[in-house]
Amino acid sequence: MMSIGIAQNKKVHEFFLFFLFNAKNEKKESLLMNILIIGAGGFIGSHLSEELLKRHTAWEITAIDISNAKISHLLCNPNFHFLKLDILKDSLEDYIEASNVVFPLAAIASPSIYVRDPLRVFELDFEANLKIVKLAVKHKTRIIFPSTSEVYGMSQDAEFEEDYSNCVTGPICKQRWIYSCSKQMLDRVIYAYGIRDNLNYTLFRPFNWIGPRLDDICNKNNGSSRVVTQFLSNILHGDDIKVVGGGDQIRCFTYISDGIDALIKIIENDASSKRIINIGNPNNKCSIKELAEKMLALAKEYEKTKFNAERIKIVEIDSNDYYGKSYQDILVRVPSIQKAKGILDWHPKVGMEESLKKIMDFYFI
Ligand code: NAD
């Protein structure tokens, strides 16, 4: 019905809101939905939007972001309404009020920024998102909020459990924890609103979701993107792959289609209400060094990267030299997914090799 640039035109904007309010009221009866995705132009938001439009052809998606580069292929879908708004400046109250469900996905999720510009992380990830949470409480809009595996921090548990594991962070001078603490505080606020004001929420905790459109690899990233896309960028540009602290850190990588499957089950399943749910794939447990080795081996099979992949090396780098002194690492991060299996009947399906192959096909073919 509507698409890009609505916010720029007041009349069209008002008409769009009128349409959304009506849709919300009508659709509550028939269990159809207005879904508001804030940060829809990002990695998770773009895949979520795409899959919702495929599976629920009668649902309306309102997509908010400062960029639509990753969702340009969805803009002509009549059920997809993109609004270029900045959550640091623009009010989202009308959209939150008019929606049945809100996904606040806009955040900075890149470790190099946690240490380089921690206050920017606090202002966006905490302050701007807190406003959204309060509006969801005010308008009784269901909120499905991205927490993170980072909230468990340096917990020593072999598997992190949502309702039992401690959240362990380091000293204040290790500024990298500002992301973990911002997310943890919002988890606590949302949980408290659930008890006091009956806020209908689900907190989901992604464990290293990976897939196409994760980050841009065309420019040399030099530490500004997430690990898989950082390595892809190194391979593409013929730079050695730097593994921080020897690369012994263990992570569990989750392919995006599995993650999105879980999110759609969360929307569809009332039993996920007032729960915290890890979404990760313990079968894809892999050290960062192994990840680099696997990716380099695979890159030799692509015309675009064969030449570089045969020449570049994996080199070790101290975390102080790579991220600076305010970094601190998490050695092992493995999710318990018993809750996701039990509540959502969700099981991750895509293995590590298949995930990397799909990602490289996307970036290198
Ligand atoms: P992303 O960086 O790919 O997407 C974030 C989106 O937010 C971007 O499109 C960006 O343009 C938008 N945005 C940034 N500032 C904005 C602003 N001021 N106004 C409006 N939009 C703005 O991140 P992602 O990987 O899609 O992650 C989404 C959420 O999930 C984040 O909250 C992140 O912390 C959380 N999360 C992701 C992972 C993962 O594995 N990807 C893991 C744990 C938690």
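Read the numbers this way: they start at 1 and go in the same order the structure lists the ligands and their atoms.
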Checklist entry - What are the two closest non-hydrogen atoms of Ile235 and Ala299, and how far apart are they? => result CG2-CB, 3.7 Å
Next on the checklist: Taking side-chain contact (heavy atoms from CB on, under 4.5 Å) as the criterion, tell me which of Pro104, Ser49, Ser99 meets it with Ile37.
Outcome noted: Ser49
Next on the checklist: Heavy-atom distances under 4.0 Å decide this one: backbone, side chain, both or neither, for Ala109 against ligand 1?
Outcome noted: side chain
Item to check | Where Lys304 and Tyr363 come nearest, the two heavy atoms and their spacing | outcome: NZ-O, 3.7 Å
Item to check | Phe43 and His47 aromatic ring geometry - parallel, tilted or perpendicular at 30°/60° bounds | outcome: perpendicular
Checklist entry - For atom 44 (C) of ligand 1, which of Pro146, Gly211, Ser147, Gly259 has the closest heavy atom? => result Ser147
Checklist entry - Among all protein non-hydrogen atoms, which one is nearest to atom 9 (O) of ligand 1, and what is the separation to 0.1 Å? => result Asp65 OD2, 2.7 Å
Item to check | Protein contact to atom 18 (N) of ligand 1 [nearest heavy atom, distance to 0.1 Å] | outcome: Asp86 OD1, 2.7 Å
Item to check | Atom of Asn278, atom of Ser336 and distance for their closest heavy-atom approach | outcome: ND2-O, 3.1 Å
Checklist entry - Identify the closest protein heavy atom to atom 40 (O) of ligand 1: which residue and atom is it, and at what distance? => result Trp209 N, 2.9 Å
Item to check | Region of Ala40 that comes within reach of ligand 1 [heavy atoms, distance under 4.0 Å] | outcome: neither
Checklist entry - Which atom names give the shortest non-hydrogen contact between Lys325 and Lys174, and what distance separates them? => result O-NZ, 3.0 Å
Checklist outcome for this item: Interatomic distance, OG1@Thr202 vs CZ@Arg275, rounded to 0.5 Å, equals 9.5 Å
Next on the checklist: With a heavy-atom distance limit of 4.0 Å, tell me whether Tyr179 approaches ligand 1 through its side chain, its backbone, both, or neither.
Outcome noted: side chain
Checklist entry - Which atoms of ligand 1 have any heavy atom of Pro206 under 4.0 Å away? => result 36 (N), 38 (C), 42 (C), 43 (C), 44 (C)
Item to check | Closest protein heavy atom to atom 16 (C) of ligand 1, given as residue, atom name and distance to 0.1 Å | outcome: Ile66 CD1, 3.7 Å
Checklist outcome for this item: So CD1 of Ile343 and CG of Asp345: to nearest 0.5 Å the spacing works out to 11.5 Å
Checklist entry - Which one holds for Arg205 and ligand 1: side chain close, backbone close, both close, or neither close, with close meaning a heavy atom under 4.0 Å? => result neither
Next on the checklist: By the definition side-chain contact (heavy atoms from CB on, under 4.5 Å), identify the one residue from Ile266, Ile132, Ile38, Leu263 that meets it with Phe103.
Outcome noted: Leu263
Checklist entry - Heavy atom under 4.0 Å from ligand 1: found in Ile64's side chain, backbone, both, or neither? => result neither
Checklist entry - What heavy-atom pair brings Pro212 and Tyr255 nearest, and what distance separates the two atoms? => result CD-OH, 3.2 Å
Item to check | Minimum side-chain heavy-atom gap Asn100-Ile35 below 4.5 Å | outcome: no
Item to check | Protein heavy-atom partner closest to atom 15 (N) of ligand 1 - residue, atom, separation in Å | outcome: Leu124 CD2, 3.6 Å
Checklist entry - Of all the atoms in ligand 1, which lie at a distance below 4.0 Å from a heavy atom belonging to Leu85? => result 19 (N), 20 (C)
Checklist entry - Quick one: which ligand 1 atoms are inside 4.0 Å of a heavy atom on Lys183? => result 31 (C), 32 (O), 33 (C), 34 (O)
Item to check | Any N or O of Thr148 closer than 3.5 Å to N or O of ligand 1 | outcome: no
Checklist entry - For Tyr114 and Arg176, does a side-chain donor sit closer than 3.5 Å to a side-chain acceptor? => result no
Checklist entry - Taking the minimum heavy-atom distance to atom 7 (O) of ligand 1, which of Ala128, Ser110, Ala106 ranks first? => result Ala106
Checklist entry - For ligand 1, which atoms have a heavy atom of Gly39 less than 4.0 angstrom away? => result 6 (C), 7 (O)
Checklist entry - Which bit of Arg226 is near ligand 1, meaning a heavy atom under 4.0 Å away: side chain, backbone, both or neither? => result side chain
Next on the checklist: Counting non-hydrogen protein atoms only, what is the nearest one to atom 4 (O) of ligand 1? Give residue, atom name and distance.
Outcome noted: Gly42 CA, 3.3 Å
Item to check | Nearest-0.5 Å distance that lies between atom OH in Tyr152 and atom CZ in Phe207 | outcome: 5.0 Å
Item to check | Protein contact to atom 19 (N) of ligand 1 [nearest heavy atom, distance to 0.1 Å] | outcome: Ile87 N, 2.9 Å
Checklist entry - With atoms numbered from 1 as shown, which atoms in ligand 1 lie under 4.0 angstrom from a non-hydrogen atom of Gly41? => result 9 (O)
Checklist entry - Is there a nitrogen or oxygen of Pro104 sitting under 3.5 Å from a nitrogen or oxygen of ligand 1? => result no
Next on the checklist: Return the closest protein heavy atom for atom 37 (C) of ligand 1 as residue, atom name and distance.
Outcome noted: Ile44 CD1, 3.7 Å
Checklist entry - Is the shortest N/O to N/O distance between Ser67 and ligand 1 below 3.5 Å? => result no
Item to check | Under 3.5 Å side-chain donor-acceptor pair for Asp157 and Ser165 | outcome: yes
